[in-house]
Number of protein chains: 2
Amino acid sequence: MNKINILLAEDQTMLLNALATILDLEDNLHVVQSCANGKQAFDYIQSGESERVDIVLTDIEMPDMTGLELAKQLFESKVPCKTIILTTFARSGYLRRAMDSGVKGYLLKDSPSQDLIDAIQKVHQGGTAIAPELMVESWMEKDPLSDKERHALRLAKDGLSTEDIAKKLFLSTGTVRNYLSSASSKLNAKNRIEAARIAHQNGWL
Amino acid sequence: MNKINILLAEDQTMLLNALATILDLEDNLHVVQSCANGKQAFDYIQSGESERVDIVLTDIEMPDMTGLELAKQLFESKVPCKTIILTTFARSGYLRRAMDSGVKGYLLKDSPSQDLIDAIQKVHQGGTAIAPELMVESWMEKDPLSDKERHALRLAKDGLSTEDIAKKLFLSTGTVRNYLSSASSKLNAKNRIEAARIAHQNGWL
DNA sequence: ATACCAAGATGACAAATGTCATCATCTATT
DNA sequence: AATAGATGATGACATTTGTCATCTTGGTAT
């Protein structure tokens, strides 16, 4: 009988191990590889020496290479496997980027593990599986931020001063303040910190 | 043969299910109950109708009642069970509070699942199990913040203005600025945001 | 070449934040 | 009663941040 071959990418070792165990218990699933980040996963699949991989199941926020980057690389390299995202965050920006990278499933860690098993079967048969929390249309706002605004906000979030941000981005302090100001107004925030929070919640950072 | 009875508290359903499954696979462990937060766990144990619980394995950051609160309640109620914390965060403040609540184990979700199984056995036999990352002495700084400083910082972290914070805490804006200022200086931060970040990283918020 | 547009920079001003010394109350302690 | 602590308020001042209008510069489409 032909099992569905799965590769896991998840930086939380405890969850990685536990998932590998419970998926392997299913009699038509087989975990071929467990990885701690996107890079490891991509290298394994690219190496060619690997077993065939049908489904890549990956977290988003990981060191070295995120799950979204991994999905994009696999998509662009036309690797014949299907990607399912498994993440804590119901952020519209993440889902949008995932869909743009040809992802077939997007599940939340909040859902029961049976949902995951169902989703794997469904995706393998050519379907898609999106967590219901994310199906609401109104969620889908586009990221209004420019690249510079995004970078500046990311640094502001950690408490860096205008001057420190300017140094890191090789810009004048005035320009940095202009970017942060326009970011705040785009997001209807009262200050840079609230702006950073809003952007982060939407998956735009 | 007498199995070790375990109660799980973890708000991430996927991990909760997966852990329950792999622990139950061990032939001397038995998961008697899975809970989504501390309150459910405490109520179950208090109800009396429950099976005996030897080990409570709990996350920290959960809605309704955190794992630290749960540990404290169990400790103070002199319930004859041993608590193990399983969390993402290697924060000295968390560990300190955990130890003060009579916790017997503190593990990170980053460690392999086998560590968890070993820790449960060890704690059940009367030992303790602390993740090695947390054993370093220098980690153990005491929280230098006062209650008011902590509250103000928590709100500042979300981008609230001095005035908004003042309203929420029923204080004058000047007083709020004083608290935030002293918090920043205690933490060697350049501004309220950096102070909030440092406090958060140490588990003081 | 001309006009145009984007990325940055600048300057000016208002508003918010950071810092510090000082003052007013209210409790405990002795 | 006298003293000391803790909590909070106030005022003054420097610094940082937010906002906007206006330049400069280097492409680029016509």
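Throughout, a chain's letter reflects where its sequence line sits, starting with A, and its residues are numbered from 1.
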Could you list all N or O pairs between the protein and nucleotides 22-28 of chain D that sit under 3.5 Å apart?
none

What pairs of nitrogen or oxygen atoms, one from the protein and one from nucleotides 4-6 of chain D, lie under 3.5 Å apart?
none

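For the segment residues 189-199 of chain A, the set of residues with a heavy atom within less than 4.0 Å of an atom of DNA chain C is empty. For the contact set between residues 161-186 of chain B and DNA chain D, defined by any heavy atom under 4.0 Å, the members are L171(B), S172(B), G174(B), T175(B), N178(B), Y179(B).
Listed for the E69(B) side chain is a donor-acceptor partner under 3.5 Å among the backbone atoms of T66(B). At distances below 3.5 Å, not a single donor-acceptor pair connects side-chain atoms of D158(A) with backbone N or O atoms of L160(A). Side-chain atoms of H124(A) do not come within 3.5 Å of backbone N or O of I120(A) as any donor-acceptor pair. In this structure a side-chain-to-backbone donor-acceptor pair under 3.5 Å is missing from T13(A) to P112(B).
Here D100(B) pairs with nothing under the salt bridge (Lys or Arg N to Asp or Glu O under 4.0 Å) rule; sequence neighbours left out. Every residue two or more places apart in sequence or in another chain that forms a salt bridge (Lys or Arg N to Asp or Glu O under 4.0 Å) with K186(B) is listed here: E149(B). The salt bridge (Lys or Arg N to Asp or Glu O under 4.0 Å) test applied to D54(B) returns R52(B), not counting sequence neighbours. Applying the salt bridge (Lys or Arg N to Asp or Glu O under 4.0 Å) test to E51(B) and every residue at least two apart in sequence or in another chain returns nothing. Under the side chain to side chain contact (heavy atoms under 4.5 Å, CB included) criterion, K122(A) pairs with no residue at all, not counting sequence neighbours.
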Identify each donor-acceptor pair in which a side-chain atom of residues 31-41 of chain B lies under 3.5 Å from a protein atom, sequence neighbours left out, and give them as a table.
from: N37(B); atom 1: OD1; to: K39(B); atom 2: N; distance (Å): 3.0
from: N37(B); atom 1: OD1; to: Q40(B); atom 2: N; distance (Å): 2.8
from: N37(B); atom 1: ND2; to: D64(B); atom 2: OD2; distance (Å): 3.4
from: K39(B); atom 1: NZ; to: D43(B); atom 2: OD2; distance (Å): 2.9
from: Q40(B); atom 1: OE1; to: A36(B); atom 2: N; distance (Å): 3.1

Donor-acceptor contacts, no H, no angles, side chain residues 77-89 of chain A, under 3.5 Å, sequence neighbours left out:
from: S77(A); atom 1: OG; to: Q73(A); atom 2: O; distance (Å): 2.6
from: T87(A); atom 1: OG1; to: F89(A); atom 2: N; distance (Å): 3.2

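The neighbour count for Q114(A) CD, taken as heavy atoms of other residues, nucleotides or ligands under 6.0 Å away, is above 12. Counting non-hydrogen atoms of neighbouring residues, nucleotides and ligands closer than 6.0 angstrom, the NZ atom of K72(A) reaches no more than 12 such neighbours.
Between E61(A) and R91(A) there is a salt bridge, since at least one side-chain N of the basic residue sits less than 4.0 Å from a carboxylate O of the acidic one.
With a cutoff of under 4.0 Å to any heavy atom of chain B, the contacted region of DNA chain C is bounded 5' to 3' by dT17(C) to dC20(C).
In summary, the side chains of T175(A) and S172(A) do present a donor paired with an acceptor at a separation below 3.5 Å, with no hydrogens or angles considered.
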